[in-house]
Number of protein chains: 2
Amino acid sequence: MPIHKEKPVLDCPFRETLDVLEGKWKFAIIHSLLHHGTLRFKNLERDVAGITSRMLIKELKLLQVHGIVLRRPYPTVPPTVEYSLTECGRSLEPVIEAIQAWGVQNRAALAAKIN
Amino acid sequence: MPIHKEKPVLDCPFRETLDVLEGKWKFAIIHSLLHHGTLRFKNLERDVAGITSRMLIKELKLLQVHGIVLRRPYPTVPPTVEYSLTECGRSLEPVIEAIQAWGVQNRAALAAKIN
DNA sequence: TACATTGGTGTAACTACTTGCAAAAGTATA
DNA sequence: TATACTTTTGCAAGTAGTTACACCAATGTA
């Protein structure tokens, strides 16, 4: 039986936010949904360069649980599932914009240092 | 011989930024340095709740390489090493502030969903 | 004398993340 | 008939991230 490892209670809004947005893909997914509004699963997968369906599904589920992403399935064949941001998710726009702005401003510096 | 796995070239300022800030601790470290200005290693370790010296060192090294963090050692005993943000690092303030603001605004909602 | 202090490093272990591959179902197209 | 399409899951395997623990040096304090 695995030991239950509970997260230390931090009581810090900043760290709690990071816990929700943690991982390699969440910011990129939100960025894409913010830009496109609504996307079908496959289109989202194509838009988030490098992600696998496995990971995308997993991340989307977490984001749903946290009330950031909305999932709308339709009973078609083949299946159609649309993903979009909730009101709460859209309120992350300033965060995404700030990262984007920093990236654009420091693009040259970054390019020189990443290898 | 391990296969050399190169990062796919993305040519996207947003994703490049995420690559630099990736991981569990970088935002928290930057947040702390932004708030305190300059901190000795041990004080920084105490301020970033939950981090180990091992991880802190590793992350600080990466942040130095990317020109975000500045390291200033003094020849004392026991050693004194001060860490602070560079100009470039300080320009991440809008990002940190946006995350902080979102966290404060969504605190109640987060608390209800994280377990 | 015994112990605490600081900024790290090394080793070994462990957990978490991430990937690739195959598969399902019902319709549409070649 | 064969193959593609979409969304999602399961399994196995691999890689990356993270931790714990001990240790160093030289000084200050009890």
Side-chain angles (χ1 to χ4, degrees), chain A residues 1-8 10 15 18-29 32-33 38-65 69-84 115, chain B residues 1-8 10 15 18-29 32-33 36 38-65 69-84 114-115:
Chain A
M1 194 185 293
I3 298 169
H4 177 58
K5 199 178 199 172
E6 31 192 324
K7 286 189 182 178
L10 274 175
R15 295 292 296 276
L18 292 187
D19 281 348
V20 170
L21 300 178
E22 201 174 30
K24 195 177 173 181
W25 300 109
K26 300 207 185 63
F27 279 107
I29 293 169
S32 176
L33 287 177
T38 297
L39 280 179
R40 292 185 64 178
F41 180 82
K42 219 54 174 179
N43 291 330
L44 187 51
E45 185 180 348
R46 290 189 192 103
D47 197 60
V48 180
I51 200 171
T52 58
S53 3
R54 203 80 178 68
M55 269 295 105
L56 183 52
I57 285 281
K58 197 201 252 181
E59 300 290 67
L60 283 172
K61 266 186 191 158
L62 285 173
L63 290 171
Q64 276 174 75
V65 169
V69 157
L70 189 69
R71 177 182 184 273
R72 247 190 261 103
Y74 299 92
T76 58
V77 172
T80 301
V81 182
E82 289 181 350
Y83 287 94
S84 56
N115 32 4
Chain B
M1 194 186 293
I3 298 170
H4 177 57
K5 200 178 200 173
E6 32 191 322
K7 287 190 182 177
L10 275 175
R15 296 291 298 275
L18 292 187
D19 280 348
V20 170
L21 300 178
E22 202 175 28
K24 194 177 174 181
W25 301 108
K26 299 207 186 63
F27 279 106
I29 293 169
S32 175
L33 287 176
H36 290 96
T38 297
L39 280 179
R40 292 184 65 177
F41 179 82
K42 221 56 172 176
N43 291 329
L44 186 50
E45 185 179 347
R46 289 188 194 104
D47 196 60
V48 179
I51 200 170
T52 58
S53 6
R54 204 80 175 69
M55 270 294 107
L56 183 51
I57 284 283
K58 197 202 253 183
E59 300 291 66
L60 283 172
K61 267 184 190 160
L62 284 173
L63 289 171
Q64 276 174 77
V65 169
V69 157
L70 190 68
R71 178 181 183 275
R72 245 187 265 101
Y74 298 92
T76 58
V77 172
T80 301
V81 181
E82 289 181 349
Y83 287 93
S84 57
I114 296 180
N115 32 4

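Per chain, numbering begins at 1; letters A, B, ... match sequence-line order. Below, each value reflects all heavy atoms present in this structure, side chains not excepted, and no hydrogens, waters or symmetry copies.
- As judged by a 4.0 angstrom heavy-atom cut-off over every strand, B/Arg46 is placed among residues touching the sugar-phosphate backbone only.
- Rounded to a whole Å, the CD atom of A/Glu45 is 14 Å from the P atom of D/dT9.
- Applying the 4.0 Å criterion to OP1 and OP2 of D/dT9, one finds that A/Lys61 has a side-chain N or O inside that range.
- One atom, CG of B/Asp19, and another, C1' of D/dG17, lie 16 Å apart when rounded to the nearest Å.
- Closest approach to the A/Phe41 side chain among C/dG8, D/dT19, D/dT7 is made by D/dT7 (side chain taken as heavy atoms from C-beta onward).
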At a cut-off of 3.5 Å, list every protein nitrogen or oxygen paired with a nitrogen or oxygen from nucleotides 23-27 of chain C, distance to 0.1 Å.
none

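- Positionally, the nearest nucleotide of DNA chain D for A/Arg40 lies more toward the 5' end than for the other of A/Arg40 and B/Gly23.
- Atom-to-atom distance recorded for A/Tyr83:OH and A/Asn43:CG is 12.5 Å, nearest 0.5 angstrom.
- For B/Pro73, the side chain to side chain contact (heavy atoms under 4.5 Å, CB included) criterion is met by B/Arg71, B/Val81, not counting sequence neighbours.
- At C/dA4, none of the side-chain N or O atoms of B/Lys42 fall inside 4.0 Å of OP1 or OP2 (strictly under the cut-off).
- For B/Thr38, the side chain to side chain donor-acceptor pair (under 3.5 Å) test picks out no residue, with sequence neighbours left out.
- Remark: A/Arg40 engages A/Thr80 in a side chain to side chain donor-acceptor pair (under 3.5 Å) (not counting sequence neighbours).
- Atom CD in B/Glu22 sits 9.0 Å away from atom CH2 in A/Trp25 (nearest 0.5 Å).
- Pairs passing the salt bridge (Lys or Arg N to Asp or Glu O under 4.0 Å) check and including a residue from residues 44-53 of chain B, sequence neighbours excluded, read B/Lys42-B/Glu45.
- At the phosphate of C/dG8, OP1 or OP2 sits under 4.0 Å from a side-chain N or O atom of B/Tyr83.
- At whole-Å resolution of the value, CH2 in A/Trp25 and P in D/dG17 are 13 Å apart.
- Side-chain nitrogen and oxygen atoms of B/Arg71 include at least one within less than 4.0 Å of the OP1 or OP2 phosphate oxygen of C/dG8.
- Against DNA chain D, the stretch residues 51-60 of chain B makes heavy-atom approaches under 4.0 Å through B/Thr52, B/Arg54, B/Met55, B/Lys58.
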Using residues 48-63 of chain B as the side-chain source, report each donor-acceptor pair under 3.5 Å to any protein atom, sequence neighbours left out, with the distance given to one decimal.
| from | atom 1 | to | atom 2 | distance (Å) |
| --- | --- | --- | --- | --- |
| B/Thr52 | OG1 | B/Met55 | N | 3.3 |

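- If you measure from atom CD of A/Glu22 to atom P of C/dA16, you get 12 Å, rounded to the nearest angstrom.
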